[in-house]
Amino acid sequence: MIERVCDIAECTFPQTGVCVRSYPDPADCPDHQGAVKRIREMEEQNVDADSDAVPVQAAREISGEAVLSPPEDKPQLPRSSTLGLREADRLMRSRYVNMIGVVGLPDAGKTACIASLYLLLAHGSLKGFSYANSQTLMALEEIARGTRRWNDGDPPKQMTVHTELADDRQAGFLHLRLRRAADSQKFDILVPDLPGEWSRTLINRGDVERFSFLRSAEVIWLMVDGREFVEAQTRELAIHKTTNLIERLANILDVPRPRTILVASWRDKGDFPEGALKRVQASGEQFGFAIELASIASFSDNNDVHPGIGMSELIEGSLTSHVQRPDPWPAHARLQSERAFLNFGTRV
């Protein structure tokens, strides 16, 4: 039944658009005016209209009033892509965020490391930590999708997809919030997911502009392919490429250097040689880097090395403040600083 807008039962305005009493403007019709008045009185008294009452919405349509209230904003799911520089900066302004700078050559295992971290959290298998939240959940899911493709029971040759950025001029960041089991403290971390080609151009052409975000990092993961260090035939070249990357990072990062961890992937292929580590550390010391080693296996086809080994220790070490980190605002700097707020108590 079409809603009535008039006190006259025979009124056919809803069907014909013509007032049954021949008023050019139906709003001038006293029967329509009476219907509108009665509806408003019922609204004020919170009384439901009977079958002969003029519906509120129809009366409002004739009187020219707004029929519907503005729709409320629907809740939105977290974004699916990585965060850009501006979005990452906005997040870091809203809360304390641990920026982890991840750099390494192609096939060093950067993306596989991130995928392994995500999958360990998803299965509750990251010792000492649990998943709390993420603003880039679908991006993490996209990175890990290669681990779910199997060929007749055999794992795929490429466990993760190579990183491709929509905007090749700026980094893409992945966000994770972790809860530490020991004290229930929550940590927000941002990890850049960069194409390995960026590091290649950094070494070959000194292209440092795109890596300026590393100055905000509290810890640097220097990712290397552990297989190249295990094999004697490729060890020298691997050391050379790593030391070149360290030298390039020295031109980007401020002094004192952030905590730097040499993250060697493919732990399931063998232990990282001690001699090679000492040479990399010696090279780092020349540029002010105190390099630590974390050997991991993001995935594994070795029954003696379980997938994800070393990841928990890597995260724990990355979130622990360095005991030798200097005071960023020593006493003498406060007295000599030109910043009025810091000197407020010393001025006369």
Side-chain angles (χ1 to χ4, degrees), residues 81-82 100-127 129 131 134 136-151 154-165 171-176 178 189-200 202 217 219-231 234 238 241-242 245 260-272 292-318:
S81 61
T82 56
I100 299 176
V102 182
V103 291
L105 294 175
D107 297 321
K110 301 182 301 298
T111 305
C113 177
I114 296 171
S116 178
L117 173 61
Y118 168 66
L119 292 173
L120 287 170
L121 287 168
H123 291 85
S125 301
L126 185 66
K127 183 180 178 182
F129 295 91
Y131 172 85
S134 173
T136 56
L137 185 59
M138 296 308 297
L140 290 163
E141 185 68 20
E142 178 73 10
I143 288 174
R145 73 169 186 245
T147 63
R148 297 185 175 90
R149 292 196 300 265
W150 298 87
N151 305 309
D154 296 324
K157 294 181 180 180
Q158 184 67 40
M159 293 297 288
T160 59
V161 295
H162 283 288
T163 299
E164 295 181 1
L165 297 180
F173 295 89
L174 298 162
H175 168 257
L176 274 171
L178 310 179
I189 64 173
L190 278 179
V191 181
D193 185 31
L194 309 178
E197 289 72 17
W198 279 30
S199 295
R200 195 195 304 277
L202 173 64
V219 61
I220 300 293
W221 288 358
L222 188 60
M223 297 286 305
V224 296
D225 187 339
R227 296 171 299 182
E228 295 182 349
F229 287 85
V230 171
E231 297 293 335
T234 56
K241 291 188 296 184
T242 304
L245 186 55
T260 306
I261 302 176
L262 182 70
V263 182
S265 60
W266 297 93
R267 181 172 169 178
D268 53 313
K269 297 301 182 182
D271 295 330
F272 196 89
E292 311 165 37
L293 173 67
S295 185
I296 65 170
S298 301
F299 304 97
S300 176
D301 55 8
N302 184 339
N303 293 331
D304 296 328
V305 180
H306 62 80
I309 189 171
M311 290 299 303
S312 176
E313 293 79 5
L314 175 60
I315 294 299
E316 179 66 41
S318 300

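A quick note: this is a predicted structure, and the numbers were derived from the prediction, not measured. Along the sequence shown, the residues carry numbers beginning at 1.
Atom CD1 in Ile114 sits 9.0 Å away from atom CG in Leu176 (nearest 0.5 Å). How far CD of Glu141 is from CE of Met138: 6.0 Å, rounded to the nearest 0.5 Å. Atoms CG and CG, from Asn303 and Asp268 in turn, are 10.5 Å apart once rounded to the nearest 0.5 Å. One finds the CD1 atom of Ile296 at 6.0 Å from the CG atom of Leu314 (value rounded to the nearest 0.5 Å). Rounding to the nearest 0.5 angstrom, the gap separating the SG atom in Cys113 from the CE atom in Met311 is 4.0 Å.
In this structure, the side chain of Thr82 does not engage the main chain of Gly172 through any donor-acceptor pair within 3.5 Å. No donor-acceptor distance shorter than 3.5 angstrom exists from the side chain of Lys110 to the backbone of Val102, with no hydrogens or angles considered. Panel note: side chain Ser300, backbone Val305; a donor-acceptor pair is recorded below 3.5 Å. Of the possible donor and acceptor atoms, none in the side chain of Thr260 sits under 3.5 Å from a partner among the backbone N and O of Val219. Using a distance-only test at 3.5 Å, with no hydrogens or angles considered, a donor-acceptor pair links the side chain of Ser134 to the main chain of His175. When atom types are taken as modelled, the side chain of Thr136 and the backbone of Leu174 share no donor-acceptor pair closer than 3.5 angstrom. Looking at Ser116, its side chain never comes within 3.5 Å of a backbone N or O of Ala112 through a donor-acceptor pair.
When all heavy atoms of Trp266 and Gly226 are compared, the closest pair comes out as CD1-N, 4.4 Å. The shortest heavy-atom contact between Ile261 and Ala294 is CG2-CB, 3.6 Å. The minimum heavy-atom distance between Ser265 and Ala108, with the atom names listed, is OG-O, 2.8 Å. Asp107 approaches Arg227 most closely through the heavy-atom pair O-NH2, 4.3 Å. The minimum heavy-atom distance linking Ala238 with Thr242 is given by the pair O-OG1, 2.8 Å.
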Verify side-chain contact (heavy atoms from CB on, under 4.5 Å) between Leu245 and Val224, making sure each step is shown before the conclusion.
CA-CA 10 Å; Leu245 186 55; Val224 296; over 6 Å; no
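Applying the side-chain contact (heavy atoms from CB on, under 4.5 Å) test between Tyr118 and each of Leu126, Leu137, Ile143 identifies Leu137 as the sole match.
By the 6.0 Å contact criterion, CG on Asn302 is enclosed, its count of non-hydrogen atoms from other residues, nucleotides or ligands being greater than 12.
By the 4.5 Å heavy-atom criterion applied to side chains, Leu117 and Phe129 are not counted as neighbours. With a 4.5 Å cut-off on side-chain heavy atoms, Ile220 and Val103 count as touching.
Under the 4.0 Å criterion applied to side-chain N and carboxylate O atoms, Lys269 and Asp301 are assigned as salt-bridge partners.
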